[in-house]
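Here is the naming used below: chain letters follow the sequence lines, and residue numbers restart at 1 for every chain.
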Amino acid sequence: MDIYSKEDQPLYEQIYHCVKQIPQGKVATYGQIAKMVGRCSAQMVGFSLAALKIKSNVPWHRVINHKGKISPHGDGLGTSLQKELLLSEGIEFDDTNAIDLARFQWKSKKDV
DNA sequence: CGGCTGACTCTGG
DNA sequence: TCCAGAGCCAGCC
């Protein structure tokens, strides 16, 4: 997947491609995605995902903030759905509804 | 063309 | 260790 060569595409597209690479049962932080794309604009990552639709083909639910928690960006529709999807993938939440990044954070080959 | 905004991240107290 | 404030990049008005 030569997503790193698709610099011609808008950042949105690059971010979507990176998110799609996240395997089931793993999660990634906004910063990780941002670094993968090549920019350090974590806000851009979140903003891009926010523009996505719940029915989109992008596993946005696998993307979380650096605290390992889901960002309370609005009503519980997307947030609750995100948790449901993560639980369905085998990802566990701790007492504070946070994900154990030490075990579930996805490591991209560009991140190593 | 210039300025504002954002599902974040980092540094300081 | 936890809380708060400033910074950041790209898209959109």
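- For the pair A/Glu89 and A/Arg62, the salt-bridge criterion is met [side-chain N within less than 4.0 Å of a carboxylate O].
- A close approach under 4.0 Å does occur between a side-chain nitrogen or oxygen of A/Ser71 and OP1 or OP2 of B/dC8.
- When each of B/dA7, B/dC8, B/dG6 is scored by its nearest atom to the side-chain atoms of A/Gln82, the top-ranked nucleotide is B/dA7.
- No donor-acceptor pair under 3.5 Å is formed between the side chain of A/Gln14 and the backbone N or O of A/Met36.
- One atom, CD1 of A/Ile64, and another, P of B/dA7, lie 17 Å apart when rounded to the nearest Å.
- Between A/Tyr16 atom OH and C/dA10 atom C1' there is a gap of 12 Å when expressed in whole angstrom units.
- In this structure, the side chain of A/Lys26 does not engage the main chain of A/Lys107 through any donor-acceptor pair within 3.5 Å.
- Here the side chain of A/Gln43 is nearest to one of B/dT9, C/dG11, B/dG6, namely B/dG6.
- One atom, OH of A/Tyr12, and another, C1' of B/dG6, lie 9 Å apart when rounded to the nearest Å.
- A side-chain donor from one of A/Lys83 and A/Asn97 sits under 3.5 Å from a side-chain acceptor of the other.
- Contacts of A/Leu11 with the nucleic acid, taken as non-hydrogen atoms under 4.0 Å apart, involve only primed sugar atoms and P, OP1 or OP2.
- Between the side chain of A/Tyr30 and the base of B/dA7 there is at least one donor-acceptor pair of N/O atoms closer than 3.5 Å.
- When distances are taken from the side chain of A/Ala50 to each of B/dA7, C/dA10, B/dT9, the shortest belongs to B/dA7.
- Per the geometry, NZ belonging to A/Lys67 stands 17 Å off P belonging to C/dT1, to the nearest Å.
- Taking atom CG on A/Asn65 and atom P on C/dC8, their separation rounds to 21 Å, with Å as the unit.
- Rounding to whole angstrom units, CG of residue A/Leu49 and P of B/dT9 are separated by 11 Å.
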